[in-house]
*Asks:* 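One structure coming up, written as structure tokens, with questions to follow.
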Amino acid sequence: MNIKFTKHAKERAIQRGATKQEIENVLLAGIESLAKGNKKSKDMVFEYNREWLGKIYPQKKIKVIYVKERNDIIIITVKVFYGEWR
């Protein structure tokens, strides 16, 4: 299966601090969650323990919104939340 990023998804991933490898991990092993319309969504919590925008966070949660088209996964957007989910 090919993973393709929209321009918007690439921009948001960089802006919000998600790497390509993290996004691929979410798609492979993430937990399905609700999405609007015909879109799909998966999210996953990663250990982080680093600084983001001047504050140290123990974890970050990455949510990937995507659609499936034939043999492709098209990533629509990437959301990143910093905090703790234990």
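Just the heavy atoms: all of them, side chains too, but no hydrogens, waters or symmetry mates, feed the values below.
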*Asks:* I need the Asn38 CG to Lys36 NZ distance, nearest 0.5 Å.
*Replies:* 13.5 Å

*Asks:* Taking only residues two or more places apart in sequence or in another chain, which ones pass salt bridge (Lys or Arg N to Asp or Glu O under 4.0 Å) with Glu47?
*Replies:* Arg86

*Asks:* Drop me the distance from Lys40's NZ to Glu32's CD, to the nearest 0.5 angstrom.
*Replies:*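 Going from NZ on Lys40 over to CD on Glu32, the span is 6.0 Å.
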
*Asks:* Drop me the distance from Glu22's CD to Glu24's CD, to the nearest 0.5 angstrom.
*Replies:*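 Rounded to the nearest 0.5 Å, the CD-CD separation comes out at 11.0 Å.
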
*Asks:* For atom CG of Leu28, is the number of surrounding heavy atoms from other residues, nucleotides or ligands below 6.0 Å larger than 12?
*Replies:*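 Yes, enclosed.
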
*Asks:* Would you say Thr6's side chain and Ile76's backbone share a donor-acceptor pair under 3.5 angstrom?
*Replies:* yes

*Asks:* Are the side chain of Lys60 and the backbone of Gly17 linked by a donor-acceptor contact shorter than 3.5 Å?
*Replies:* yes

*Asks:* If two hydrophobic side chains count as joined below 4.5 Å and joins carry through other members, does Leu53 share a cluster with Val80?
*Replies:* yes

*Asks:* Determine yes or no for a side-chain-to-main-chain donor-acceptor pair under 3.5 angstrom, with Lys42 supplying the side chain and Leu27 the backbone.
*Replies:* yes

*Asks:* If you count heavy atoms of other groups shown closer than 6.0 angstrom to CG of Asn2, is the number above 12?
*Replies:*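 More than 12 heavy atoms, drawn from other residues, nucleotides or ligands, come within 6.0 Å of this atom.
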
*Asks:* Is Ile65 reachable from Ile23 through a run of hydrophobic residues whose side-chain heavy atoms are each under 4.5 Å from the next?
*Replies:* no

*Asks:* Trp52 and Tyr82: aromatic ring centres closer than 6.0 Å?
*Replies:*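 Yes.
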
*Asks:* Among the clusters formed by ILVMFWY side chains lying less than 4.5 Å apart, do Val67 and Ile75 turn up in the same one?
*Replies:* no

*Asks:* How long is the gap from CD on Gln59 to CE on Met44, to the nearest 0.5 Å?
*Replies:* 12.0 Å

*Asks:* Is Ile74 reachable from Val26 through a run of hydrophobic residues whose side-chain heavy atoms are each under 4.5 Å from the next?
*Replies:* no

*Asks:* At what distance, to the nearest 0.5 angstrom, does CD of Gln15 lie from NZ of Lys10?
*Replies:* 16.0 Å

*Asks:* Check Val78 against Ala18 and note the closest heavy-atom contact, atom names and distance.
*Replies:*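 So the minimum-distance heavy-atom pair works out to CG1-CB, 3.9 Å.
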
*Asks:* Can you find a heavy atom in the side chain of Arg16 that is under 4.5 Å from one in the side chain of Thr77?
*Replies:*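 Arg16 vs Thr77: side chains touch.
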
*Asks:* Does the distance from a Lys or Arg side-chain N to an Asp or Glu carboxylate O, for Lys4 and Glu69, drop under 4.0 Å?
*Replies:* no

*Asks:* List the residues meeting salt bridge (Lys or Arg N to Asp or Glu O under 4.0 Å) with Lys63, not counting sequence neighbours, and say none if there are none.
*Replies:*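 Listed in chain order: Asp43.
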
*Asks:* Testing the basics here: between Phe5 and Ile3, what is the closest heavy-atom pair and its distance to 0.1 Å?
*Replies:*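 Minimum heavy-atom separation between Phe5 and Ile3: CE1-CG2, 4.0 Å.
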
*Asks:* Tracing side-chain links under 4.5 Å among I, L, V, M, F, W and Y, which residues wind up in one group with Val45?
*Replies:*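 Grouped by the 4.5 Å side-chain rule, Phe81, Trp85 form the rest of the cluster around Val45.
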
